[in-house]
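First up is the structure itself, then whatever we jot down about it.
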Amino acid sequence: MKNLKKLALAAHKKYRGKLNVEVGVPLKTRRDVSVFYTPGVAEPCKEIAKNSAAVYDYTWKGRLVAVITEGSAVLGLGNIGGLAGLPVMEGKCALFKQFGGLDAIPICLNVQEVEEVIRVVRAIAPSFGAINLEDIAAPACFEIEKRLVEELDIPVFHDDQHGTAIVCLAGMINALKVVGKSCEKARVVINGAGAAGIAIAKLFLKYGFKNILLIDSRGLIYDGRDNLNPYKKEMAKITNKEKVKGGLVDALRGADAFIGVSGQSGIVSRMMVRSMAK
């Protein structure tokens with residue numbers, strides 16, 4: 001791990017980031033400049049002004065993603081701010097290009113108030129074909145995503161919620177096939193009730209899982225428990241139907257699967273695993 005840390009620092013310093021902007025059209029002659037810049041560029045501008053949908057024909061909007069963070073929950077490092085999150089956002093943009101064929105721009109904000117984040121993203125949205133929210137802490141991330149989905153006419157995706165949930169569901173579908181169990185009967189324990197944990201639980205329920213237990217820093221979430229924010233209250237009504245109380249030890253007894261999406265490590269003992277279902 002120490003060698004990896006040194007290697008990562010050296011590699012990032014050598015390349016000074018992971019992204020470049022390249023011109024995708026010929027700009028070698030005066031005619032090229034006249035076509036792609038002035039005066040020719042006025043023609044697509046006029047077409048877009050007449051019909052906003054034409055922007056997808058004449059610009060890169062349709063293949064351009066904004067990868068946006070305000071730095072409140074960066075890669076397990078906590079609230080380190082937008083600037084310190086830039087290497088992660090660059091990396092995500094590189095993945096979009098390498099594996100999805102989409103251009104992406106990292107945008108790191110120096111504001112964290114919900115309304116201000118929404119205002120800024122809404123203001124820059126015309127340049128992009130989609131918004132990928134990244135590393136925004138709960139519960140603010142829920143309100144930010146919800147509002148932007150409602151107010152923008154382009155896809156809005158929060159990776160820490162939906163990306164994590166999709167990957168977990170894919171893994172669980174395959175795992176259940178291996179052990180010959182059904183999602184309707186499987187008991188799944190999710191440790192962590194933030195952005196990822198709640199999104200995973202919701203997607204699992206939608207897929208057909210019936211028995212899901214969520215745990216936060218205070219223990220099992222159940223309907224009627226105090227000290228729950230509105231998002232956890234919502235989950236309390238649709239999970240843990242038996243109202244199991246206690247902590248991780250109680251949750252894992254007889255459980256078929258454990259999903260860890262909290263900031264805690266080393267919390268599952270061998271004894272807990274032995275208490276789970278075969």
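Remember, it's a predicted structure, so these values are computed and weren't measured experimentally.
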- Query: Run the side chain to side chain contact (heavy atoms under 4.5 Å, CB included) check on Ile131 and Ile68 step by step: do they pass?
  - Reply: CA-CA 7 Å; Ile131 303 293; Ile68 301 175; 3.9 Å; yes

- CZ (Phe204) and SG (Cys168) are apart, to the nearest 0.5 Å, by 5.5 Å

- Task: Identify whether Val244 and Ile267 are in the same connected component of the hydrophobic contact network (ILVMFWY, side-chain heavy atoms under 4.5 Å).
- Result: yes

- Item | Side chain to side chain, Val117 and Glu113, heavy atoms closer than 4.5 Å | no

- Note on the structure: Residue set satisfying side-chain hydrogen bond (donor to acceptor under 3.5 Å, both in side chains) with Lys97, at least two apart, ordered chain then number -> Asp103

- Message: Working to the nearest 0.5 angstrom, can you tell me the gap between Asp159 CG and Gln161 CD?
- Response: 10.0 Å

- Are Leu152 and Val55 connected, step by step, through hydrophobic side chains (Ile, Leu, Val, Met, Phe, Trp, Tyr) whose heavy atoms are closer than 4.5 Å? yes

- Query: Lys181: what forms a salt bridge (charged side-chain N to carboxylate O under 4.0 Å, His left out) with it, not counting sequence neighbours?
  - Reply: Asp256

- Residues Glu134 and Asn132: side-chain donor-acceptor under 3.5 angstrom: yes

- Query: Do we see a donor-acceptor contact under 3.5 Å between the side chains of Asn191 and Ser262?
  - Reply: yes

- Distance-minimising heavy-atom pair for Gly192 and Leu214: O-CD2, 3.7 Å

- With the side chain counted from C-beta on, respond yes when Leu252 and Phe258 share a heavy-atom pair under 4.5 Å apart, and no when they do not. yes

- Item | Test item: Asn110 and Leu83 side chains (from C-beta on) under 4.5 Å apart, heavy atoms | no

- Message: Quick test of your reading of the model: are Glu115 and Arg119 salt-bridged, counting only N-O distances below 4.0 Å?
- Response: no

- Task: Please report the shortest heavy-atom distance between Cys93 and Ile105, naming the atom on each side.
- Result: SG-C, 3.5 Å

- Message: So if I apply the side chain to side chain contact (heavy atoms under 4.5 Å, CB included) rule between Lys202 and each of Ile198, Ile200, Leu205, which one comes out positive?
- Response: Ile198

- Heavy atoms, side chains only, cut-off 4.5 Å: are Val33 and Leu27 in contact? yes

- Message: If you count every heavy atom of other residues, nucleotides or ligands that lies below 6.0 Å from Leu95 atom CG, does the total exceed 12?
- Response: yes

- Taking the six-membered ring for Trp, are Phe209 and Tyr207 parallel (under 30°), tilted (30 to 60°) or perpendicular (over 60°)? tilted

- Message: Strictly distance-based, threshold 3.5 Å: is any side-chain N or O of Thr164 a donor or acceptor partner for the main-chain N or O of Ala196?
- Response: no

- Has Arg122 got more than 12 heavy atoms of other residues, nucleotides or ligands less than 6.0 Å from its CZ? yes

- Lys206 side, atom NZ; Leu169 side, atom CG - distance, nearest 0.5 Å: 11.5 Å

- Measure across Ile221 and Ala193 and return the closest heavy-atom pair with its distance rounded to 0.1 Å. CD1-CB, 3.6 Å

- Query: Are Ile124 and Val111 grouped together when hydrophobic residues (ILVMFWY) are joined by side-chain heavy atoms under 4.5 angstrom apart?
  - Reply: yes

- Could you state the interatomic distance from NE2 (His158) to CG (Asp135), rounded to the nearest 0.5 Å? 7.0 Å

- For the atom pair CG (Leu7) and CG (Asn3), what is the distance rounded to the nearest 0.5 Å? 8.5 Å

- Task: Under the side chain to side chain contact (heavy atoms under 4.5 Å, CB included) rule, what do Asp32 and Val25 come out as? Steps first, then yes or no, please.
- Result: CA-CA 9 Å; Asp32 290 340; Val25 297; over 6 Å; no

- Message: Could you report the tightest heavy-atom contact between Met172 and Ala257, atom names first, then the distance?
- Response: CE-CB, 3.6 Å

- Query: Side-chain donor-acceptor pair under 3.5 Å between Glu90 and His12, yes or no?
  - Reply: no

- Query: Does a side-chain heavy-atom distance below 4.5 Å link Pro106 with Leu19?
  - Reply: yes

- With distance as the sole criterion, is a donor-acceptor pair present between the side chains of Asn79 and Gln112 under 3.5 Å? yes

- Could you tell me whether a side-chain N or O of Arg225 sits under 3.5 Å from a main-chain N or O of Leu220, the two making a donor and an acceptor? yes

- Does Leu64 share a hydrophobic cluster with Met89, counting links as ILVMFWY side-chain heavy atoms below 4.5 Å and allowing steps through other members? no

- Query: Taking the side chain as C-beta and beyond, is there a heavy-atom pair between Phe128 and Val65 under 4.5 Å?
  - Reply: no

- Message: My understanding is that only residues two or more places apart in sequence, or in another chain, count here; which of them pass ring-ring contact (aromatic ring centres under 6.0 Å, His included) with Phe142?
- Response: Tyr231

- Query: If you take all heavy atoms of Ala104 and Val67, which pair is closest and at what distance?
  - Reply: CB-CG2, 4.1 Å

- Query: Should we count NZ of Lys61 as having more than 12 external heavy atoms under 6.0 Å?
  - Reply: yes

- Evaluation steps, side chain to side chain contact (heavy atoms under 4.5 Å, CB included), between Ile190 and Leu213: CA-CA 6 Å; Ile190 302 173; Leu213 284 75; over 6 Å; no

- Query: Val189 versus Ile212: any side-chain heavy-atom pair under 4.5 Å?
  - Reply: no

- Query: Got a second to check how far Arg274's CZ is from Ser269's OG, nearest 0.5 Å?
  - Reply: 8.5 Å

- Query: Asp250: what forms a salt bridge (charged side-chain N to carboxylate O under 4.0 Å, His left out) with it, not counting sequence neighbours?
  - Reply: Arg253

- Does the side chain to side chain contact (heavy atoms under 4.5 Å, CB included) test come out yes or no for Asn211 and Lys241, once each step is laid out? CA-CA 7 Å; Asn211 193 354; Lys241 296 296 181 65; over 6 Å; no

- Task: Kindly give the cluster partners of Val21, where membership spreads through any ILVMFWY side chain lying under 4.5 Å from a current member.
- Result: none

- If only atom types and distance count, is the side chain of Lys18 paired as donor or acceptor with the main-chain N or O of Pro87 below 3.5 Å? yes

- If two hydrophobic side chains count as joined below 4.5 Å and joins carry through other members, does Ile48 share a cluster with Trp60? yes

- Quick one: closest heavy-atom pair of Leu228 and Tyr222, and the distance? CD1-O, 3.9 Å

- Query: Should the heavy atoms of other residues, nucleotides or ligands under 6.0 Å from OH of Tyr56 be counted, would the total exceed 12?
  - Reply: yes

- Item | Non-hydrogen side-chain atoms of Val88 and Leu86 separated by less than 4.5 Å | no

- Message: Could you work out, with salt bridge (charged side-chain N to carboxylate O under 4.0 Å, His left out) as the rule, every residue matching Lys146, not counting sequence neighbours?
- Response: Glu150

- Message: Has Glu70 got a side-chain atom pairing as donor or acceptor with Ser72's backbone, closer than 3.5 angstrom?
- Response: yes

